[in-house]
Protein chains: 2
Amino acid sequence: MSTLPRATQADVAKLAGVSSKTVSRVFAGTGDVSAATQDRVLTAAKRLRFRPNGLARNLRRGGVTNTIAFVMGDLKNPFYFRVAAGVERELAASGFTMLLATTADAPDSEEVVVDALLSQRVRALLLIPIADDQSYLDGERQLGTPIISVDRPAGNLVADSVVLQNRQGMAEAVRSLTALGHRKIAFISNPSAMYTQRERLAGYREALREVGVTDSARWERLDDDPTIAAESVVRGLLDGDDPPTAVVAGNNRGSHGAIRALRDRMPPVAFIGFDDFELADALGISVVGYDALDMGRTAARLALERLADPTAFSRQIEIPTRMIHRGSGEILPPEK
Amino acid sequence: MSTLPRATQADVAKLAGVSSKTVSRVFAGTGDVSAATQDRVLTAAKRLRFRPNGLARNLRRGGVTNTIAFVMGDLKNPFYFRVAAGVERELAASGFTMLLATTADAPDSEEVVVDALLSQRVRALLLIPIADDQSYLDGERQLGTPIISVDRPAGNLVADSVVLQNRQGMAEAVRSLTALGHRKIAFISNPSAMYTQRERLAGYREALREVGVTDSARWERLDDDPTIAAESVVRGLLDGDDPPTAVVAGNNRGSHGAIRALRDRMPPVAFIGFDDFELADALGISVVGYDALDMGRTAARLALERLADPTAFSRQIEIPTRMIHRGSGEILPPEK
DNA sequence: ACACAATGAGACAACGTGGACATTTCGTTT
DNA sequence: AAACGAAATGTCCACGTTGTCTCATTGTGT
């Protein structure tokens with residue numbers, strides 16, 4: 001099982017009895033080539049298993065690839081997956097390919113990973129910032145590479161961005177609970193340092209303040225350690241003295257833990273999660289939902305538009321959230 | 001907001017007062033360069049926002065990239081997402097980058113997409129086959145590109161592959177039902193043409209034959225149209241005359257539909273799904289589970305190993321499945 | 001002081017392709 | 001039949017990098 005050498009245009013040309021430029025013309029589809037010549041070239045190419053070298057082609061064309069990179073912290077979260085799906089779909093529709101890379105949630109590796117991608121001359125960069133500072137990208141931005149920040153704003157960098165209505169979404173959820181009479185509402189989430197969680201926490205506090213609750217700190221559970229299970233945190237809250245009558249979660253992970261902790265709890269505790277998930281309807285779980293696929297598509301579209309007009313003003317787009325009522329959020333507080 | 005020109009080694013060299021080869025040495029980390037010279041080069045490079053051109057580098061080095069492509073039909077299914085995560089993790093650990101592409105579930109586009117990737121000189125190709133025939137890849141295989149078929153075997157092509165123990169997994173699930181006395185067991189899934197579904201159906205039939213049930217066809221519901229909701233299919237079965245006492249699903253989609261249809265059904269109907277999912281434990285759903293992440297890692301590892309030894313025999317690896325009992329599969333058939 | 005090795009740095013070519021331009025080969029018009 | 005324009009093909013070189021050589025400079029041991 002030996003390995004064949006890779007053929008070039010020159011090899012094909014020799015076999016077909018033409019110049020390499022003619023082979024180039026055949027494969028690039030440019031210029032006029034007679035049907036007979038084209039035939040001979042294609043036959044020779046097939047025999048040699050020739051395939052044009054995209055690297056050389058892109059180099060010759062001025063280092064312009066049709067690849068767009070999407071960098072995220074980790075692939076574990078299904079939310080990011082749908083975002084990626086949206087990006088891919090939009091890019092594919094425009095003839096681009098998505099290069100997906102992760103930074104293993106390590107802020108230090110972000111720059112390294114991004115650098116490697118930029119060296120490969122990706123046409124644009126979509127990034128879910130994980131480090132606090134993206135100023136290292138400013139040089140590349142000045143070179144004309146579109147940089148789109150996804151899910152969180154970039155730090156110290158002018159860039160287009162697509163984020164969720166985190167604050168409003170969470171505020172709306174909490175308001176729907178306070179409207180039912182809930183006042184002791186717990187907020188669980190982690191890690192606390194993350195932009196999205198900070199925003200959602202702010203929305204939570206805002207809605208509580210509107211009904212005069214200002215001492216919510218004792219219901220807030222934000223941990224920096226992502227390995228702390230939300231389930232036990234919620235159990236701890238409920239089993240303490242003065243337990244909350246409702247719980248909201250700042251993200252998927254929190255929701256799943258809370259749902260486990262709240263199952264069959266008597267009296268029932270109201271719950272609303274952030275991020276919709278499969279079978280939430282079967283479980284009757286109310287959530288703050290949004291279109292993750294659309295978020296990806298929007299980010300990709302921003303990149304393509306900036307590619308078309310590099311001088312446009314940078315744009316910040318917010319993807320709307322919407323409260324989805326399924327029962328768990330409509331549980332009334334127990335009578336006093 | 002004008003766009004800066006992109007600098008090359010030559011530009012940096014001129015500014016630093018050295019030859020371009022010296023710049024090359026600095027950035028490639030090869031050869032001996034004095035500290036003073038290195039400093040001047042790096043300063044000049046920073047000022048010009050220079051970043052080495054990976055395209056040119058790869059071309060010069062003989063068209064060898066560090067990119068490995070993973071092609072799948074669609075990103076919608078969370079299962080594939082975890083496979084992709086596994087691939088990415090394993091590749092990243094070895095210094096490779098994953099290029100993710102989809103074929104939009106269109107068999108015709110598979111070859112087009114793959115061809116584009118191979119033109120970009122990806123180092124290896126991981127593929128979830130969607131078309132029936134992958135013989136078009138044979139030429140590339142002969143050129144030494146590792147080709148790994150994931151989740152399904154490749155058609156008409158010698159290739160390494162990683163698949164699940166579909167047949168055994170499903171047989172085990174059905175056996176656990178027959179052991180409880182179930183005989184009327186429905187199988188729902190789609191699309192029927194897919195390899196995994198054919199295998200799982202075979203496992204289902206095999207387990208039923210072991211207890212003397214040979215007329216299972218009336219309980220089998222495989223539809224080619226993926227838009228047909230599994231939920232209504234299951235409802236139809238249960239509301240017909242002679243309803244099944246247990247249901248197994250061939251995949252995620254089937255499970256979700258079945259779970260909705262079976263909720264609060266009296267008398268309760270036993271259920272086992274294929275593919276584990278988040279919160280299945282909270283719902284008490286028994287499933288045939290497996291490690292999707294491991295599947296991706298294994299596929300990536302196969303590619304890396306073949307890269308190291310292109311002449312090795314091709315390998316077919318099976319990822320084990322395991323029955324996870326959570327309650328829904330342990331419901332007894334109603335007394336006659 | 002001298003030969004010799006080690007180190008630092010440059011000149012040049014080549015990777016495979018496509019752009020610019022030149023040249024040949026036709027078919028068509030008058 | 002001469003003249004002309006379009007079609008078909010070829011030549012040469014550059015894209016940005018690095019491998020191979022070559023050469024200059026410095027240090028080392030005797």
Asker: Give a yes/no answer on whether the side chain of A:Thr8 brings an N or O atom under 4.0 Å of OP1 or OP2 in C:dC15.
Answerer: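 Indeed not, no polar side-chain atom of A:Thr8 lies that close.
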Asker: Which of these nucleotides, C:dG8, D:dG16, C:dA11, is closest to any side-chain atom of B:Ser19?
Answerer: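 Of the options given, the side chain of B:Ser19 lies nearest C:dA11.
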Asker: For C:dG8 and B:Thr37 - does any side-chain N or O of the residue sit under 4.0 Å from the phosphate oxygens OP1/OP2?
Answerer: no
Asker: Before giving the answer on ring pair (Phe, Tyr, Trp, His ring centres under 6.0 Å), spell out for B:Tyr290 and B:Phe79 the whole-Å C-alpha distance, their side-chain angles and the decisive distance to 0.1 Å.
Answerer: CA-CA 10 Å; B:Tyr290 52 90; B:Phe79 154 63; 5.6 Å; yes
Asker: C:dT17 P sits how many Å from A:Gln9 CD, rounded?
Answerer: 4 Å
Asker: May I have the distance from A:Arg40 (atom CZ) to D:dA8 (atom P), rounded to whole angstrom?
Answerer: 13 Å
Asker: For B:Asp294 and B:Arg297: C-alpha separation, side-chain torsions, deciding distance, then whether salt bridge (charged side-chain N to carboxylate O under 4.0 Å, His left out) applies.
Answerer: CA-CA 5 Å; B:Asp294 184 46; B:Arg297 301 188 79 123; 5.7 Å; no
Asker: Rounded off to whole Å, could you give me the CZ-to-C1' distance for the A:Arg25 and C:dG16 pair?
Answerer: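 These atoms are roughly 16 Å apart.
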Asker: Strictly below 4.0 Å: does B:Ser20 bring a side-chain N or O up to OP1 or OP2 of C:dG10?
Answerer: no
Asker: Can you give me the closest heavy-atom contact between A:Thr102 and A:Gly73, atom names plus distance?
Answerer: CB-O, 3.8 Å
Asker: Go through the side-chain N and O atoms of B:Glu140 and B:Thr145 and say whether any donor and acceptor fall under 3.5 Å apart.
Answerer: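 Judged by distance alone, the side chains do pair up.
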Asker: Taking CZ from A:Arg60 and C1' from D:dC12, how many angstroms apart are they, rounded to a whole number?
Answerer: 11 Å
Asker: Looking at B:Lys14 and B:Asp11, does any basic side-chain N land under 4.0 Å from a carboxylate oxygen?
Answerer: no
Asker: Expressed in angstrom and rounded to an integer, what is the separation of B:Arg121 atom CZ from D:dT17 atom P?
Answerer: 20 Å
Asker: Heavy atoms under 4.0 Å, any strand shown: does B:Ser24 hit a base, just sugar-phosphate, or nothing?
Answerer: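 Answer is base: heavy atoms of B:Ser24 come under 4.0 Å of a base.
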Asker: Taking the minimum atom-to-atom distance to the side chain of A:Ala28, which one of C:dG18, C:dG10, D:dT9 wins?
Answerer: C:dG18
Asker: Quickly work out the A:Asn53 CG to D:dC15 C1' distance and round it to whole Å.
Answerer: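 Computing the A:Asn53:CG to D:dC15:C1' distance gives 13 Å.
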Asker: Give the rounded distance in Å between these two atoms: CD of A:Gln38 and P of D:dA7.
Answerer: 16 Å
Asker: Please give, in whole Å, the distance from C:dG8 P to B:Asp32 CG?
Answerer: 4 Å
Asker: Can you check whether any acceptor in the base of C:dG8 is under 3.5 Å from a donor in the side chain of B:Lys21, or vice versa?
Answerer: no
